[in-house]
Amino acid sequence: MFETYPRILIIEDNPDHAELIIRSLEVTDYDISLYHVSDGEEALDFLFRKNEYKTLTKDDMPNLILLDLKLPKLDGFEVLKTIKNTDSLRHIPVIVLTTSNMDTDIQKAYDLQANSYLVKPINFTLFITLMEEFGSYWLEHNVRPLSDNGKG
Amino acid sequence: MNAPVSEITRFLDQLHDPVACFRVNGKIIYTNQAFRSLLNYTKKQFANLSYSKITPPHWHAQDEKILHNQVNNKPYSESFEKEFISQKGIKIPVRCRIESIDGCDDCFWLFAYDISEEKQYIDKLLHSQSKYRAIFDAANDAIFIHDVDTGKILDANLKTCLMYGYTRDELRRITVESLSSGVAPYTNKDALAHIKKALQLGPQIFEWHAKDKKGNLFWVEVSLKRSSIGGNDLLLAVVRDITDRKLTEAYRDQLIAHLEAKNVEMERFTYTISHDLKSPLFTIKGFIEMAQRNISQQAFNLLPDNLHRIGRAAQRIEDMLNELMNVSQMDYWKMKTEQVSLKSVAAEAVELLASSINEQNVVVTIDEGLPVVEGDRLRLVSLLQNLLENAIKYMEDNPYPAIRVGSVLVDGQTTVFVKDNGSGIDIDNRKNIFELFYQIDGTKKGSGLGLALAKHIVELHNGSIWVESEGKGKGTTFYFTLNMKKQL
């Protein structure tokens with residue numbers, strides 16, 4: 001039923017956390033492409049196909065973004081704001097995935113039009129479950145827009 | 001002549017008020033019954049007395065003057081007061097009048113009126129007035145007496161003079177306006193409003209910003225009340241200096257603000273413990289799970305990577321806990337102040353950081369002119385170490401990293417600086433960087449405690465610390481001052 005297969009951009013500065021997210025998504029049986037960038041600037045380079053990501057094609061554009069908030073260079077809120085202010089990116093669901101459960105962070109993320117907000121549980125089994133349910137919801141049940149590749 | 005004279009004397013003897021007849025030379029010609037009993041002499045005794053004998057010496061001059069004017073000018077005198085002395089030596093105050101006698105040039109009548117009771121009453125009154133005055137002036141509050149209609153100052157006590165620096169006479173000539181800050185709500189208009197309220201609604205108590213003669217402002221509490229004194233309708237203002245109370249209040253507010261700030265820091269602290277520590281814990285638990293899967297899948301080659309990640313995360317937790325301990329212990333070491341050469345302190349800090357300095361080829365310069373200060377040596381080493389460590393940490397982009405430790409005069413105060421040519425910081429981050437666990441760049445090593453610790457040490461030395469940077473990529477300079485005692 002999907003126009004294209006799922007491609008997830010993981011924006012996460014902690015390499016260990018990134019590795020854990022990737023591995024737990026890989027053990028689910030979804031046919032997905034995963035991309036990982038480790039700071040805010042790199043995330044925007046990726047999305048705007050700049051610098052080292054110049055050669056990316058439309059087929060590499062993510063249709064789902066997992067975003068950490070505490071990021072070097074450009075923090076997660078800035079990245080979120082840029083995505084939601086850009087015509088060609090605005091439709092991509094952005095799921096915040098962070099250790100922070102501070103009210104102000106949650107409020108700010110939704111104010112900047114985050115599509116979902118997930119808190120990393122300390123218990124890793126719970127995290128695996130979370131990632132499975134995340135996949136089930138966003139990759140299976142959730143209907144993505146037809147203009148999956150964006151207008152840009 | 002005889003009969004009429006005896007008739008007149010009989011008549012005079014019946015009078016309640018004393019009457020006597022004197023010659024100008026002082027001889028007593030006649031006294032009536034009332035006069036004799038006033039002075040307690042018999043008729044016979046009076047025959048041998050003279051005016052001067054029955055009058056205290058200090059009245060003589062006055063009486064002679066009145067008599068002189070009397071004899072020369074008018075048939076009778078104005079009433080005047082004087083005293084007589086009784087047989088028992090008691091002074092008796094009288095109000096009297098003298099009158100010439102027709103056909104007898106050197107004789108005159110004296111009509112007296114005993115004013116002993118009146119005098120006693122006045123004395124009592126004067127005494128009570130002076131008592132009132134004494135209480136008025138002994139009061140520890142300033143007391144103003146105002147005219148109800150005009151608000152004019154009629155009187156003020158001694159304390160008022162001390163409090164406001166004006167004399168009583170000056171106070172009577174000025175208005176409330178001169179005694180107020182004049183800034184709303186402490187203007188003359190406000191004062192009149194209070195007065196009106198006191199007259200219409202009853203006693204008023206309010207705070208007031210007062211001004212003394214020199215123009216110094218101070219806080220008072222005014223109690224305003226309509227009062228009747230000696231039958232006069234007056235307005236009484238009792239004014240208390242509440243400078244001390246205001247100072248205490250200000251101190252209290254400051255203390256509360258300080259505690260609230262501490263509380264915010266504490267909240268941040270607990271938040272950090274539950275969240276920043278969560279991140280490495282997440283890593284550890286995750287990779288233990290991964291390792292268990294690898295083992296069950298016999299994929300042993302993946303184990304070293306998993307264990308390496310677990311070890312690194314555990315190390316991060318250990319680092320954070322160690323530094324947390326440093327911060328909490330900071331307050332428990334007693335401050336030990338001595339003369340400390342900041343030059344040797346900086347050198348010691350550099351030595352402690354030798355390995356990372358060498359690793360990154362950082363050139364550290366310590367100025368010769370660094371001052372000798374009063375301070376806690378160990379803490380000052382830790383301060384310099386934290387500032388240097390921070391500089392080294394944010395240096396990596398520069399191929400020729402350099403740090404300079406020196407001192408300058410800022411507003412006349414010796415100020416130490418640690419200047420680097422590293423990545424610099426944004427204006428937005430300048431204040432935050434001294435907060436516990438704040439890190440501009442989450443990828444950097446360290447716990448985010450270093451600068452909070454530095455700030456803490458500077459504050460223990462009554463100094464201040466701040467940071468300046470022209471922006472990202474333009475280097476950073478930390479400044480701090482120490483104020484244990486006057487710097488040498």
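For the numbers below, each heavy atom of this structure counts, side chains included, while hydrogens, waters and symmetry mates do not. Naming convention: chains lettered A, B, ... in sequence-line order (proteins, then strands); numbering from 1 in each chain.
Distance CG/A:Asp13 to OG/B:Ser279: 8.0 Å, rounded to 0.5 Å.
Pairs of residues two or more places apart, or lying in two chains, that qualify as side chain to side chain donor-acceptor pair (under 3.5 Å) and include a residue from residues 76-86 of chain A are A:Lys84-A:Asn115.
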Starting from the C-alpha separation in whole Å, work towards a yes-or-no answer on side chain to side chain contact (heavy atoms under 4.5 Å, CB included) for A:Glu19 and B:Asn306.
-> CA-CA 10 Å; A:Glu19 184 67 21; B:Asn306 292 335; over 6 Å; no

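Counting non-hydrogen atoms of neighbouring residues, nucleotides and ligands closer than 6.0 angstrom, the OH atom of B:Tyr251 reaches no more than 12 such neighbours. For A:Asp103, the CG atom counts as loosely surrounded, since its 6.0 Å shell holds 12 or fewer non-hydrogen atoms of other residues, nucleotides or ligands. The environment of CD in B:Gln315 is crowded: more than 12 heavy-atom neighbours from other residues, nucleotides or ligands sit within 6.0 Å.
Among residues two or more places apart in sequence or in another chain, the ring pair (Phe, Tyr, Trp, His ring centres under 6.0 Å) test is passed with A:Phe124 by A:Phe127. A search for salt bridge (charged side-chain N to carboxylate O under 4.0 Å, His left out) contacts involving B:Asp305 returns A:Arg23, B:Arg309, not counting sequence neighbours.
Contacts from residues 281-290 of chain B to chain A, taken as heavy-atom pairs separated by less than 4.5 Å, involve B:Leu281, B:Phe282, B:Thr283, B:Lys285, B:Gly286, B:Phe287, B:Glu289, B:Met290 in sequence order.
Closest heavy-atom contact between A:Pro15 and B:Arg312: CG-NH2, 4.4 Å.
Residue A:Asp75: no heavy atom, backbone or side chain, is found under 4.5 Å from chain B.
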